[in-house]
Engineer: 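Sending over a structure as structure tokens; questions will come in a sec.
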Amino acid sequence: MDVLFDIFGSANFWAAAIRIATPLIFGVLGALICERAGVLNLGIEGIFVAGAMAGWLAVYLGAGLWGGVLVAALTGAAFGLLHAFLTVVLGLSQHVSGIGITLLATSASYFTYRTALPDVSSPPRIVPFQSLDLAGLSDLPFFGPVLFSQTALTWLALLLVALVAFVLYRTPLGLSIRAVGDNPASVEAQGLSVIGLRIGAVVVGSALMALGGAFLTMSAFDAFFFGMVNGRGWICIALVVFASWQPGKALLGALLFGAFDAFQIRLQAEIGQVVPGQVFLMLPYLLSILALVLVARKADYPRALLQPWTKGQRH
Amino acid sequence: MTSHTPLLSLTDITKRFGTLIANNAISLDLHQGEILALLGENGAGKTTLMNILFGHYVQDEGTVRVAAGGDVMTTLPPGSPGAALAAGIGMVHQHFTLAENLSGLDNIRLGTEPLLSFGRRHAARAKVEKIITESGLDVDLDRRVDGLTVGEKQRVEILKALYRDARVLILDEPTAVLTPQEAEGLFAVLRRLAANGLGVIFISHKLGEVLAVSHRIMVLRAGEQAGELVTAQADRRAIADLMVGKAVAEVTRTPGARGRALVEFQSVSLGKPGHRAALHGVSFDLRAGEVVGLAGVSGNGQSAIAALISGLAVPDSGTMRLYGDPVTRADPRRLVAAGVARMPEDRQHDGVVGTMSVADNIAIEEVRSPGFSRYGFIDAKAIRARATAAIAAYDVRCPGPDAEARLLSGGNVQKLILARVLERAPRVILANQPTRGLDIGAQAEVHRRIIAARDRGAAVLVISEDLDELFALSDRFLVIHAGEITDAGPAETLDRATVGLLMAGQTHTPETLAS
Ligand SMILES: Nc1ncnc2c1ncn2[C@@H]1O[C@H](COP(=O)(O)OP(=O)(O)OP(=O)(O)O)[C@@H](O)[C@H]1O
Ligand SMILES: [Mg+2]
């Protein structure tokens with residue numbers, strides 16, 4: 001019991017939870033926007049990789065950190081545009097296209113990395129985002145180290161949660177996105193463009209996914225490794241369901257996952273001699289499956305998810 | 001009342017789907033204050049014409065023009081619902097176009113405000129509420145649409161058009177899903193709107209309401225303009241002749257031979273107690289060689305009865321017997337094998353798989369039986385042969401057995417279902433809203449087939465809101481209200497007023513009160 005107290009009582013633990021959650025927040029928001037408009041984007045895993053690589057490379061080649069963030073977002077948007085062209089314009093299978101994008105984006109990133117840096121053996125480093133200490137607030141007890149040890153990208157992620165929620169629920173744009181994911185005919189009959197809305201949502205959503213990747217190379221670490229995304233994209237796909245496609249719950253889900261992950265690292269250090277380490281690595285995934293089982297049965301799916309739309313067709 | 005320039009003018013509209021000509025050089029004018037009824041058989045091209053007018057479909061030839069003030073008319077760009085809306089055209093589609101996850105108010109606002117603005121909800125609500133007061137189209141604006149009744153959804157659809165200051169209102173089969181009372185309410189609204197200068201086009205298969213509400217009638221037949229009538233000078237015969245090109249034969253019903261009970265309900269309850277659509281201890285039977293009409297306003301427990309007879313549910317309490325044996329397991333396949341035929345209420349959704357071929361849809365309930373499969377494998381050749389024969393026998397109008405079912409018009413989907421269920425000579429038939437949305441020719445055909453099945457000895461339960469239909473078919477009436485069933489007795493002893501009162505929940509009919 002003491003072990004648990006020690007872990008949950010430490011500011012360090014909560015700071016780590018938020019740090020682990022940050023890329024997931026970007027990813028889950030991106031996936032949420034795509035799916036709210038009716039498009040599943042399984043390209044997410046590859047877009048994470050591409051965002052991680054492109055952002056890092058831009059900075060390594062001399063761009064500023066925010067320039068790197070912009071490059072990452074544009075890279076994500078480009079893959080999003082491809083996915084949208086295949087699934088929204090041509091109406092092809094969203095699963096097949098998404099997996100294809102993941103394979104393409106991953107290998108294209110590795111290829112670019114290798115050709116841009118043919119001679120390096122150990123991954124070169126950049127100077128990443130530093131923690132954002134607002135007016136010395138990090139000296140506050142407990143909350144100081146938890147919140148003000150975070151970088152600007154984490155704050156951006158939190159800001160985006162509020163922004164996405166606001167757009168989705170308080171603006172006509174959000175209304176149209178929710179409608180197009182439920183019944184495209186409702187949007188078309190009100191004079192809006194189903195195709196336009198869906199392309200826009202997929203492009204913006206994919207840009208956010210890429211920011212999740214960029215966080216890994218520009219904030220959590222300072223270099224790019226192969227395999228560093230390590231399934232985070234897939235976790236986001238599950239978290240969207242867990243969150244019932246709501247930004248607030250998406251934040252909660254990402255934080256929960258971050259907490260589990262931070263918890264297992266610490267628990268492993270405490271009682272790792274008794275239980276094999278793989279069990280701990282499994283823990284967050286196991287818990288997310290469990291959470292899905294409990295939540296997903298009642299999930300309020302966007303009804304038109306996965307359904308292509310063609311003008312002038314009977315549906 | 002009518003000014004010289006029309007509100008709306010279609011000229012020589014032609015639309016082809018592959019080799020099929022859905023509209024052939026159709027022209028039409030609509031004036032201010034006018035209610036124009038558009039009639040025609042299923043698949044005649046009514047919806048297609050309206051979809052072109054509204055910009056959902058792009059015509060192959062012809063133009064749509066709308067009044068732009070004075071004597072000027074401007075041509076609408078093809079394929080742009082946005083342009084049609086801006087020109088004051090509002091459309092209530094045959095299948096609702098509402099986002100079910102949004103409230104009624106949000107559905108009405110959709111597409112009317114700049115995408116990146118906010119804080120306009122209040123003004124929107126005020127305007128909608130004003131329209132509601134003026135038109136009498138009452139709805140709960142804050143409720144999510146998936147929680148609204150069909151009638152309420154339709155009112156939201158009309159409000160959508162009025163909110164955009166529509167000058168032309170198109171309604172595609174608005175009454176197909178309404179109860180008679182709701183339809184009356186709708187007509188009152190339409191008359192008021194027309195009196196205020198709106199032009200209305202409405203599509204319907206119910207000649208009675210067409211004669212009662214419209215000023216002018218236009219008839220389409222197989223994509224051609226068959227003719228126009230002034231309603232005041234028209235009667236049912238004249239319209240039917242124009243629509244079908246020949247007189248529609250009346251269905252005659254000879255007294256049947258009532259046999260033993262094939263289905264028995266004994267104090268059956270199903271669903272949440274106290275809920276309107278749940279069943280509360282109902283008892284009745286269906287006998288061989290008899291058509292039983294189940295009258296009632298929809299949502300009073302009909303779906304529960306349909307679910308029980310189709311094997312989708314078993315009673316919470318009480319027993320349902322089939323051929324004397326209690327049914328204890330929800331197993332639709334066993335019921336189908338035992339000779340229960342089902343014509344579902346929502347035939348597009350529950351009756352066919354839209355993306356599968358007509359042939360596969362005909363075979364779908366019986367793929368395991370010999371004749372459709374051999375050694376456990378599907379026998380595609382046999383299925384196609386059976387389908388080709390069924391298409392001819394039941395006059396299913398479609399390009400062929402390989403056509404996708406979703407492309408069929410409503411009437412033809414129903415004929416497809418008839419072909420599927422009647423071909424195997426079922427002993428029990430559940431006909432749930434069998435002719436909803438069907439044209440008069442198809443209606444007569446469905447009725448003829450149902451009566452023929454009864455004469456062959458089948459027990460038939462017809463669920464319908466349409467009293468004309470029930471009186472045409474039924475030997476005996478059951479009336480359902482709030483989950484309870486009243487046996488109203490043989491059809492000969494009943495009249496519409498009595499059944500109507502029972503439907504409204506009055507168990508004391510005028511006669512019993514008098515005695
Ligand atoms: N998008 C489409 N693709 C192919 N064929 C179509 C399409 N839309 C309609 N059709 C065909 O065009 C014809 C006219 O259909 P339409 O829906 O206009 O008939 P309708 O008069 O409205 O019939 P109903 O009374 O059943 O509603 C039908 O044969 C239909 O199968
Ligand atoms: Mg139609």
Side-chain angles (χ1 to χ4, degrees), chain A residues 32-33 35-38 91 93 162-201 204 244-246 298-315, chain B residues 15 17 47-48 51-52 54-59 79-86 89-103 105-121 124 144-146 156-157 160-161 163-164 348 354 404-409:
Chain A
L32 184 148
I33 294 173
E35 291 182 28
R36 273 288 185 160
S93 157
L163 186 69
V164 170
F166 180 81
V167 171
L168 217 45
Y169 293 108
R170 287 279 177 273
T171 66
L173 176 64
L175 205 62
S176 324
I177 290 176
R178 286 185 287 147
V180 81
D182 184 80
N183 181 7
S186 71
V187 168
E188 151 117 350
Q190 290 281 49
L192 296 169
S193 161
V194 174
I195 304 287
L197 279 166
R198 285 191 163 170
I199 292 178
V204 171
S244 294
W245 293 268
Q246 295 169 22
K298 294 182 301 230
D300 192 9
Y301 278 80
R303 281 191 312 145
L305 188 62
L306 299 179
Q307 287 170 18
W309 166 266
T310 320
K311 192 177 165 64
Q313 283 247 322
R314 286 198 171 188
H315 289 272
Chain B
K15 175 74 184 173
F17 293 110
T47 300
T48 302
N51 277 340
I52 289 169
F54 192 67
H56 283 314
Y57 291 177
V58 179
Q59 64 268 38
S80 167
L85 286 166
I89 297 173
M91 177 147 169
V92 177
H93 296 78
Q94 189 165 5
H95 306 288
F96 293 142
T97 56
L98 296 170
E100 305 243 325
N101 61 344
L102 303 183
S103 68
L105 180 61
D106 284 343
N107 267 288
I108 294 168
R109 287 168 60 213
L110 190 62
T112 60
E113 298 161 18
L115 287 180
L116 283 172
S117 59
F118 55 92
R120 302 188 187 214
R121 205 160 190 274
R144 262 173 67 126
V145 166
D146 52 11
V156 174
E157 288 278 17
K160 263 163 64 176
Y163 181 71
R164 289 170 175 263
Q348 307 282 356
E404 279 185 39
R406 80 191 154 90
L407 295 179
L408 268 56
S409 76

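Residue numbers start from 1 in every chain, and the chains themselves are labelled A, B, ... in the order their sequence lines are given, proteins ahead of strands. Only this structure's heavy atoms are used, side chains among them; waters, hydrogens and symmetry mates stay out.
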Engineer: Take a 6.0 Å sphere around OH of B:Tyr163 and say whether it holds more than 12 heavy atoms from other residues, nucleotides or ligands.
Structural biologist: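 Atom OH in B:Tyr163 is packed in, count exceeds 12.
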Engineer: When you check the gap from the basic side-chain N to the acidic O, do A:Arg303 and B:Asp146 get nearer than 4.0 Å?
Structural biologist: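 Salt bridge between A:Arg303 and B:Asp146, a charged N being under 4.0 Å from a carboxylate O: no.
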Engineer: Count the heavy-atom pairs under 4.5 Å between each of B:Arg164, B:Gln348, B:Glu157 and chain A, then report the option with the highest count.
Structural biologist: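 When all of B:Arg164, B:Gln348, B:Glu157 are compared, B:Arg164 has the most.
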Engineer: What's the separation between atom CD in A:Glu188 and atom OG in B:Ser80, rounded to the nearest 0.5 Å?
Structural biologist: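 That separation rounds to 9.0 Å.
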Engineer: As an exercise, state the distance from CZ of A:Arg170 to CZ of B:Arg121, rounded to the nearest 0.5 Å.
Structural biologist: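 Interatomic distance, A:Arg170 CZ to B:Arg121 CZ, rounded to 0.5 Å: 8.0 Å.
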Engineer: Got a donor-acceptor contact below 3.5 angstrom from the A:Arg178 side chain to the B:Ala99 backbone?
Structural biologist: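 Not at all, since once roles are kept as given, no pair shorter than 3.5 Å links the two residues.
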Engineer: If you measure from CG on B:Leu115 to OG on A:Ser176, what distance do you get to the nearest 0.5 Å?
Structural biologist: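 Separation between the atoms: 5.0 Å.
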Engineer: Is it the side chain or the backbone of B:Arg120 that comes within 4.5 Å of chain A heavy atoms, both, or neither?
Structural biologist: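 Neither part.
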Engineer: Between A:Leu192 and chain B, with a heavy-atom cut-off of 4.5 Å, which part of the residue counts as in contact: side chain, backbone, both or neither?
Structural biologist: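 Looking at A:Leu192, just its side chain touches chain B.
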Engineer: For the backbone of B:Arg109 and the side chain of A:Gln190, can you confirm whether one donor and one acceptor N or O come within less than 3.5 Å of each other?
Structural biologist: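 Side chain of A:Gln190 to backbone of B:Arg109: no pair is present.
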Engineer: Side chains of A:Pro172 and B:Pro114: does their closest heavy-atom pair fall under 4.5 Å?
Structural biologist: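 Not in contact.
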Engineer: Looking only at heavy atoms, what is the nearest atom pair of A:Asp182 and B:Asn101, with distance?
Structural biologist: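 Looks like CB-OD1, 3.3 Å.
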Engineer: Run the numbers on A:Asn183 and B:His95 for side-chain contact (heavy atoms from CB on, under 4.5 Å), then give the verdict.
Structural biologist: CA-CA 12 Å; A:Asn183 181 7; B:His95 306 288; over 6 Å; no
Engineer: Any idea which of A:Ser193, A:Gly181, A:Ala179, A:Ala304 has the most non-hydrogen atom pairs under 4.5 angstrom with chain B?
Structural biologist: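 Among the listed options, the one with the most contacts to chain B is A:Ala179.
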Engineer: Which bit of B:Asp106 is near chain A, if near means a heavy-atom gap under 4.5 Å: side chain, backbone, both or neither?
Structural biologist: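 The answer is both parts of B:Asp106.
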Engineer: Between B:Phe54 and chain A, which part of the residue has a heavy atom less than 4.5 Å away: side chain, backbone, both or neither?
Structural biologist: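 The side chain, not the backbone.
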Engineer: What is the minimum heavy-atom distance between B:Leu85 and A:Gly191, and which atoms define it?
Structural biologist: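 Answer, listing the atom of B:Leu85 first, then A:Gly191: CD1-N, 3.4 Å.
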Engineer: Between B:Ile108 and chain A, which part of the residue has a heavy atom less than 4.5 Å away: side chain, backbone, both or neither?
Structural biologist: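 For B:Ile108, the contact with chain A is made by the backbone alone.
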Engineer: Please classify the contact of A:Val187 with chain B as side chain, backbone, both or neither, using a heavy-atom distance under 4.5 Å.
Structural biologist: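 Backbone plus side chain of A:Val187, per the 4.5 Å heavy-atom cut-off to chain B.
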